[in-house]
Amino acid sequence: MSVNRNQLFRILFVIIFLKLLFLLVLYMRSNVYINQETSMVSGKPIKVQIYDKLLIDRRGEPSLKQRLKWIRKEMPSFPLDELLNRQNLAEDPKQCGFVPHILNIRFHNDYWQTAKTKNLTYFLFGAYYDNREAVPEAPLVRLLAMIDTPSTKDYQYPKIYCQFWLKDQKEPVIVPVSSHKKMWPFGWAPERFYPHFLDCPLPEGDYKWMIPQMVSLVAKRCERGTNLLKVIYEPDEDKDKDKDDVLTSDNQNASRFVVCVKTMDFLYVDKSWRLIEWLELMRLLGVGKVVLYDGNMHTNMSRVVHHYLETNSEFVELRPMSLGRGEPHSPTHFHHYAMMDDGFNRILNEMIPYNDCFYRNMYRYDYVGVFDIDEVIMPLHNVTNWSELVELARIVPDYGGVTPENCTEWVSFCFRNVYFPRYPERPKVYKNLSSSFYMLQHVERVQQHCNRGDAAKCLHDTRFAVALHNHFTFYHTEEASCKAKSVPIAYAQLHHYREPDTKSLLINPIIDDNIWRFQPELQQRIEHKYKTLGFLPDRHKLQEIETHRRHLDEQQLKDAIIHS
């Protein structure tokens, strides 16, 4: 018995020894070749250092042209490429005014530049060339700015100048600012900056119809500016063509529409699914482009926007934005706090994206709408797109009879607001429809529409509007067009998917399912986006969600029993 036990121990010892020997050989081989690998050159194996094959970016530096393209996206209002093209123009020491050097520019909060007078600070966001036929003072350049305006009503703005820089011309063309258009006539509050348009008409003579490349705002005619803005002029390249030749499959309309959305600052709340539904409804209504301004969005909302940018860049545009007073934009959480902490400051800053969007698109589109992603102008009855709606709006009476009966042109067509609240305590109207559709699901609204001027939204005619508020125009071409017409609710209404400020309106809601005329195609488009973006869970993920939800329910029940 002992002999057998000894033999067994010897066998086990041999097995263990062989295994250890095998592991030792493997370790030595890996140690020898840890820094080498075998490669074949001319049929012969050679040793190659593995560090020669690090997985790093080995691309060369991009060209200056490519870098300038990136910089234009980062700094849309700074004309770096135009500035570089002037390097061969020798400046005369005796000339009046020199183009600012990049080191002279006082940049402010990423997308703004600064000019100062004795008692005012101008934060400049953009400059736009306006040569519309209906504008009496055209051609001119309008500078979009935030200004720390004093509170007195009779305050006289200081004399200040625009230096226009023309292509291949050394000296600037200098004109005085003809007017300061303040875009907030509703009072004043301290420590706020107010949105303005500064008008700079082109001078009579040789330069009247020349389009400046750049502009500087200066307190004295011949001083060197601390700002330099690209003059935005984006004419319609297809204006001489028949519009029927340039329509897309999603926009079979004679009139074209662009929608401008205020700064998207939904950092903590994921509204990606609602954004998809809203964008797809915009397309069905005939909107040619939606312009969004980036104020730090939830990651899922960013996914949605960038998906549209990659797949349909002509439909969705995303532009950078920051607050004019200087609250930091890059620290996302602080920026969101600053936006929420002072609602009045946020509202004042909202005028900047609305008007920047308008002037960048006014030559390419017939109408501009300013909306949030919970608002939709809904045509009623057999009208199913905005093109048909504006033609109808021209012939129906003005609700309230504010504009004269002999008007033939109106600056805007406006639509009365009605609220579609959540009503979370009420059962779903359409039980077979998934809750992943917000507007299609919420078809109960308050009974009473808001009045003509209360929270209405409009489609603004790009021939006549001059400065936009989110509900109306601050300025328009009064000789060429009448004030806004309010379209009666028998023909269209503004669906506003939120709770009304007056809670008594929530009582006794009514069903209004006009949106269901778009249901089959809208639902199909939304579901396609959900699948493409990976928002629909697979079977295993769905099981995990249900298990997690059941555990939460059980825990809530236990907590309720303990507390009781």
Side-chain angles (χ1 to χ4, degrees), residues 74-78 105-117 119-128 141-151 155 157-158 160 162 177 180-200 215-219 225-230 232 260-265 267 291-296 318-332 334-360 370 467-470 474-475:
E74 293 174 347
M75 308 286 286
S77 295
F78 184 60
I105 305 298
R106 294 178 183 171
F107 292 104
H108 171 78
N109 203 16
D110 294 341
Y111 312 118
W112 305 74
Q113 298 176 38
T114 306
K116 286 192 174 183
T117 62
N119 60 349
L120 288 186
T121 300
Y122 295 77
F123 294 122
L124 305 172
F125 186 81
Y128 316 90
V141 172
R142 302 187 196 271
L143 275 61
L144 184 57
M146 298 288 283
I147 310 176
D148 53 343
T149 311
S151 60
Y155 175 76
Y157 289 93
I160 195 166
C162 281
V177 173
H180 288 64
K181 287 184 170 65
K182 186 176 181 180
M183 292 184 283
W184 196 261
F186 313 114
W188 179 88
E191 300 181 359
R192 304 301 199 284
F193 291 77
Y194 287 82
H196 285 71
F197 266 128
L198 282 62
D199 292 347
C200 299
V215 61
S216 296
L217 186 69
V218 293
T226 59
N227 54 86
L228 187 65
L229 299 173
K230 175 181 172 60
I232 304 299
C260 305
V261 185
K262 67 184 181 183
T263 306
M264 302 284 285
D265 60 333
L267 181 60
V291 182
L292 308 169
Y293 286 80
D294 190 359
N296 297 316
L318 182 66
R319 303 200 63 82
M321 179 55 63
S322 63
L323 292 173
R325 284 185 67 255
E327 295 85 344
H329 179 68
S330 297
T332 54
F334 180 82
H335 178 267
H336 184 270
Y337 177 82
M339 292 279 286
M340 298 299 104
D341 184 59
D342 193 320
F344 185 40
N345 180 51
R346 185 186 75 249
I347 290 171
L348 291 173
N349 276 269
E350 285 177 4
M351 304 304 114
I352 300 301
Y354 299 153
N355 287 280
D356 176 71
C357 175
F358 176 82
Y359 275 88
R360 287 179 178 274
V370 175
L468 301 185
H469 182 266
N470 53 340
F474 285 114
Y475 302 94

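One-based numbering along the sequence shown.
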* To do: Test Met183 against Tyr194 for side chain to side chain contact (heavy atoms under 4.5 Å, CB included), laying out the working first.
  => CA-CA 7 Å; Met183 292 184 283; Tyr194 287 82; over 6 Å; no
Hey, what do you get for [atom1] ([X]) to [atom2] ([Y]), rounding to the nearest 0.5 Å?
X: Arg319; Y: Asp294; atom1: CZ; atom2: CG; answer: 12.0 Å
X: Asp342; Y: Glu191; atom1: CG; atom2: CD; answer: 9.5 Å
X: Phe186; Y: Phe344; atom1: CZ; atom2: CZ; answer: 9.5 Å
X: Asn296; Y: Leu267; atom1: CG; atom2: CG; answer: 6.5 Å
X: Phe125; Y: His108; atom1: CZ; atom2: NE2; answer: 11.5 Å
X: Leu143; Y: Gln113; atom1: CG; atom2: CD; answer: 10.0 Å

* Between His196 and Tyr157, what is the ring plane arrangement, given parallel below 30°, perpendicular above 60°, and tilted in between? ->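 Taking Tyr157 first and then His196, their aromatic rings stand perpendicular (interplane angle over 60°).
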* To do: Indicate the ring-plane relationship of Tyr359 and Phe197, choosing parallel, tilted or perpendicular according to the 30° and 60° boundaries.
  =>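 Answer is perpendicular, since the angle exceeds 60°.
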Heavy-atom side-chain contact between [X] and [Y] under 4.5 Å:
X: Phe123; Y: Asn109; answer: no
X: Leu124; Y: Trp112; answer: no
X: Cys357; Y: Val370; answer: no
X: Leu348; Y: Arg192; answer: yes
X: Val177; Y: Leu217; answer: yes
X: Trp184; Y: Ile347; answer: yes
X: Leu318; Y: Met264; answer: no
X: Pro195; Y: Met146; answer: yes

If I compare all heavy atoms of [X] with all of [Y], which pair ends up nearest, and what's the gap?
X: Tyr122; Y: Leu198; answer: CE2-CD2, 3.6 Å
X: Ser77; Y: Gly126; answer: OG-CA, 3.9 Å
X: Thr121; Y: Lys116; answer: OG1-CE, 3.8 Å
X: His329; Y: Ser322; answer: CB-CB, 3.7 Å
X: Ile352; Y: Ala145; answer: CD1-O, 4.2 Å

Any side-chain to backbone donor/acceptor pair from [X] onto [Y]? Under 3.5 Å, distance only.
X: Asn349; Y: Gly324; result: yes
X: Asp265; Y: Gly295; result: no
X: Asp148; Y: Leu120; result: no
X: Thr226; Y: Ile105; result: no

* Test Tyr293 against Tyr111 for ring-ring contact (aromatic ring centres under 6.0 Å, His included), laying out the working first. => CA-CA 12 Å; Tyr293 286 80; Tyr111 312 118; over 10 Å; no
* Asked: Aromatic ring centroids of His180 and Tyr155 under 6.0 Å?
  ->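 No, ring centres 6.0 Å or more apart.
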* Checking side chain to side chain contact (heavy atoms under 4.5 Å, CB included) for the pair Leu144/Arg142: CA distance, chi angles, key distance, verdict? -> CA-CA 6 Å; Leu144 184 57; Arg142 302 187 196 271; over 6 Å; no
* Asked: Above 12 or not: heavy atoms from other molecules or residues under 6.0 Å from OH of Tyr337?
  ->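 Result for OH/Tyr337: open.
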* His335 and Leu323: CA distance, side-chain angles, deciding distance, side chain to side chain contact (heavy atoms under 4.5 Å, CB included) verdict -> CA-CA 9 Å; His335 178 267; Leu323 292 173; 4.1 Å; yes
